[in-house]
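Numbers restart at 1 for each chain; the letters A, B, ... are given by sequence-line order, proteins then strands. Keep in mind the model is a prediction, meaning the values are calculated, not measured.
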Number of protein chains: 2
Amino acid sequence: MTSAESAQPASRRIADALRSAIESGELRAGDKLPSERALAERYGAARNTAREAVRLLAEQGLVIAQHGRGVFVREPRRLFRFGSDRYSLANRATGLTPFRLEAQRQGKVPRIDVPSIAREVPPRDVAERLDVPPNQESVVHRENHYFADDEPVQIVSTYVRWDEAQGTLLMEARSGPNGIYGRLEELGHIMTNIRDEIIARMPTPHEATILGLQSGIPVLEVLHTSLDQDGVPFEVSRYVHRADLTGLKYELPVQ
Amino acid sequence: MTSAESAQPASRRIADALRSAIESGELRAGDKLPSERALAERYGAARNTAREAVRLLAEQGLVIAQHGRGVFVREPRRLFRFGSDRYSLANRATGLTPFRLEAQRQGKVPRIDVPSIAREVPPRDVAERLDVPPNQESVVHRENHYFADDEPVQIVSTYVRWDEAQGTLLMEARSGPNGIYGRLEELGHIMTNIRDEIIARMPTPHEATILGLQSGIPVLEVLHTSLDQDGVPFEVSRYVHRADLTGLKYELPVQ
DNA sequence: TCAACCCACTGGCTTGAGCCAGTTGTAGGC
DNA sequence: GCCTACAACTGGCTCAAGCCAGTGGGTTGA
């Protein structure tokens with residue numbers, strides 16, 4: 001043991017050993033790690049210490065623990081790649097939402113739940129971008145949950161102006177041909193420019209529950225604004241994606 | 001205690017209590033949480049259980065522990081907002097890199113370390129995008145570390161073709177006026193289109209060390225490709241950002 | 001043949017104890 | 001007035017033990 005290694009806590013040493021076993025290919029995706037009790041014995045540590053090592057790896061997103069079964073090396077899979085062309089006219093002409101398009105491309109069965117559609121007071125960031133009053137019930141909030149083969153993939157909150165949505169199919173779960181963008185176009189808003197603001201963070205416990213996220217998987221949050229032919233923002237959506245399943249791609253000309 | 005609450009482990013209960021104290025504003029950003037020992041006593045649990053509760057909050061990025069001082073509510077700060085205009089000619093004309101521009105805008109002192117510039121075998125994803133052989137030393141890899149007021153913010157690995165970089169300032173830390181894009185322009189590559197591929201993940205231990213990241217902070221990884229007037233990719237960069245400090249923004253027309 | 005049951009295994013969670021290592025305020029000496 | 005040393009805090013890490021709750025293979029009995 002070198003001095004550098006001995007300076008590290010035992011749980012780190014065990015975690016590093018497992019990590020390099022994974023990186024070297026000695027342990028492959030889907031393989032089962034030794035049990036916590038076995039690790040403890042092998043490294044001459046207490047079970048809690050071995051457990052802490054496994055927790056470190058889980059936190060890094062390398063492994064996943066399954067109660068009663070064991071701890072497994074996580075499969076690297078990034079299924080959904082949302083390109084900036086997801087908003088293009090060509091794709092919208094198919095009548096499918098970006099999510100349905102992507103699911104179809106992958107041969108997965110998409111499902112979309114609409115847990116709620118309601119008039120609400122907008123969050124501050126949404127109010128700013130949609131240019132509506134922040135302290136009134138000035139928006140309609142459509143919350144959608146997206147599944148691929150029954151696995152939860154993303155949570156989307158869409159906001160449109162209440163005065164425009166009132167009495168239209170925008171208040172209904174089934175929003176008609178071409179989805180909500182079809183309705184918004186009928187209201188005179190042709191999507192001309194889009195603005196996507198992207199951050200990454202850890203999920204809230206609520207999001208972790210909905211998305212079925214274990215420790216070690218962040219979310220990608222995209223705050224999307226649609227601007228019409230006059231530069232007027234007419235729709236804002238917050239996409240919360242599982243980061244292990246989702247990638248984003250933007251292609252654009254340099255000005 | 002309701003049945004829903006009692007079904008939860010004690011550590012979760014303590015964590016939830018602290019979380020709602022934070023969300024309600026009872027505990028504000030920068031405030032110190034009760035010590036682990038105090039929490040244990042207050043909730044009638046062992047210190048390890050209180051400790052586990054704090055760990056849960058840290059994993060969610062809500063609090064930060066400081067050895068010998070205490071556990072503090074994390075300040076929400078997102079300083080760097082890289083817009084898609086960071087590649088624009090107007091900004092490049094300033095002679096500043098996007099990072100220097102952004103730092104300047106915020107009144108921070110930028111520092112850029114160049115730990116290594118070397119001919120290397122490219123990673124597979126880079127080779128694909130730069131259209132070079134993946135099994136030869138076909139690229140020059142420039143690794144940069146970026147600091148704002150001496151705080152590490154991002155790690156950037158830039159790759160250009162070895163046959164083009166050979167013998168030019170692209171092999172030097174000081175790459176001359178307008179940076180590497182200036183040199184690449186002299187080689188006939190005018191940046192015309194860009195492609196950014198974005199994912200979020202937890203940092204590797206190495207990245208966590210360089211960026212000074214504690215538990216609960218993911219990274220944003222941007223794989224950037226520059227395409228010239230002929231659609232030829234001439235430069236690929238991998239940006240690894242601290243997600244707590246960085247946001248990305250893309251504005252583009254709908255086709 | 002098949003279902004029910006049991007048992008040995010897995011991780012999940014908690015306890016209570018102890019020692020270590022940073023931090024910070026204070027009492028004491030100069 | 002200033003510095004030093006110490007003491008009382010903080011979190012960091014480990015141990016050993018125990019009970020609980022899923023899982024899955026094998027045995028047993030109808």
Side-chain angles (χ1 to χ4, degrees), chain A residues 1 3-18 27 30-59 61-74 205 208-209 212-216, chain B residues 1 3-18 27 30-59 61-74 205 208-209 212-216:
Chain A
M1 190 187 298
S3 59
E5 278 166 346
S6 64
Q8 287 196 349
S11 52
R12 272 289 290 275
R13 272 191 15 245
I14 300 175
D16 287 349
L18 290 171
L27 284 169
D31 282 2
K32 187 170 158 181
L33 267 59
S35 76
E36 295 173 351
R37 288 160 176 94
L39 283 173
E41 193 176 4
R42 180 188 305 179
Y43 291 95
R47 183 187 157 205
N48 270 348
T49 304
R51 188 172 169 70
E52 168 73 6
V54 171
R55 203 190 53 70
L56 285 171
L57 295 176
E59 206 174 305
L62 276 180
V63 302
I64 183 168
Q66 291 182 30
H67 191 176
R69 305 222 309 129
V71 178
F72 300 84
V73 180
R74 180 169 268 147
T209 304
L213 289 178
Q214 279 95 353
S215 164
Chain B
M1 188 186 298
S3 60
E5 278 165 346
S6 65
Q8 287 196 349
S11 52
R12 272 288 291 273
R13 269 188 22 241
I14 301 176
D16 287 349
L18 291 171
L27 284 169
D31 281 2
K32 186 169 158 182
L33 266 59
S35 76
E36 295 173 350
R37 289 159 176 94
L39 283 173
E41 193 176 5
R42 178 187 307 177
Y43 291 94
R47 182 186 159 206
N48 270 346
T49 303
R51 189 172 168 69
E52 168 74 5
V54 172
R55 201 191 55 70
L56 285 170
L57 295 177
E59 205 175 306
L62 276 181
V63 301
I64 182 166
Q66 292 182 30
H67 191 174
R69 305 222 310 128
V71 178
F72 301 85
V73 180
R74 179 169 269 147
T209 305
L213 289 177
Q214 280 95 351
S215 166

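A/Gln66 has its CD atom 10 Å from the P atom of C/dG12, to the nearest Å. To the nearest angstrom, C1' of D/dG18 lies 10 Å from CZ of A/Arg37. Counting to the nearest Å, the C1' atom of C/dT14 and the CD1 atom of B/Ile14 are 11 Å from each other. In this structure, A/Leu33 places its CG atom 16 Å from C1' of C/dC9, rounding to the nearest Å. Here C/dC9 presents its P atom at 16 Å from NE2 of A/His67, a figure rounded to the nearest Å. D/dC15 atom C1' lies 16 Å from atom CD of A/Glu41, rounded to whole Å. Atom CD of B/Glu36 is separated from atom C1' of C/dC20 by 14 Å (rounded to the nearest Å). What separates CZ of A/Phe72 from C1' of D/dG22 is a distance of 13 Å, to the nearest Å.
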Which protein N or O atoms sit under 3.5 Å from an N or O of nucleotides 4-8 of chain C?
none

Short N/O separations, protein against nucleotides 5-9 of chain D, under 3.5 angstrom:
none

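Remark: A/Ser11 engages no residue in a side-chain hydrogen bond (donor to acceptor under 3.5 Å, both in side chains) (not counting sequence neighbours). Annotation: side-chain hydrogen bond (donor to acceptor under 3.5 Å, both in side chains) contacts of B/Glu59 (sequence neighbours excluded): A/Ser215, B/Arg55. By the side chain to side chain contact (heavy atoms under 4.5 Å, CB included) test, B/Ala38 is found to be paired with B/Pro34, B/Ser35, residues two or more places apart in sequence or in another chain being considered. Remark: A/Val63 engages A/Ile22, A/Leu33, A/Leu57, A/Ala58, A/Val71 in a side chain to side chain contact (heavy atoms under 4.5 Å, CB included) (not counting sequence neighbours). In terms of the salt bridge (Lys or Arg N to Asp or Glu O under 4.0 Å) criterion, B/Arg74 has no residue partners (sequence neighbours excluded). Residues that satisfy the side-chain hydrogen bond (donor to acceptor under 3.5 Å, both in side chains) test with A/Arg42, not counting sequence neighbours, are absent from this structure. Checked against side chain to side chain contact (heavy atoms under 4.5 Å, CB included), A/Ala46 has the following partners two or more places apart in sequence or in another chain: A/Thr49. The salt bridge (Lys or Arg N to Asp or Glu O under 4.0 Å) check on B/Glu36 picks up B/Arg47, B/Arg51, with sequence neighbours excluded. For A/Gln66, the side-chain hydrogen bond (donor to acceptor under 3.5 Å, both in side chains) test picks out A/Arg69, with sequence neighbours left out.
When all heavy atoms of B/Ala50 and B/Leu39 are compared, the pair lying nearest together is CB-CB, 3.8 Å. Closest approach of A/Ala17 to A/Tyr43, counting heavy atoms only: CB-OH, 3.4 Å.
Contact check for A/Asn48 versus B/Asn48: no side-chain heavy atoms found under the 4.5 Å cut-off.
Toward the 5' end of DNA chain D, the nearer of the two residues B/Pro34 and A/Ser11, judged by each one's closest nucleotide, is B/Pro34. Mapping B/Ala38 and A/Gly44 onto DNA chain D by nearest heavy atom places B/Ala38 at the nucleotide closer to the 5' end.
Distances shorter than 4.0 Å separate none of the side-chain N or O atoms of A/Arg69 from OP1 or OP2 on D/dG22.
Side chain of B/Val71, nearest nucleotide from D/dG11, C/dT10, D/dT14: D/dG11.
Of the residues in residues 45-53 of chain B, those with a non-hydrogen atom less than 4.0 angstrom from any atom of DNA chain C are B/Ala45, B/Ala46, B/Arg47, B/Asn48, B/Thr49.
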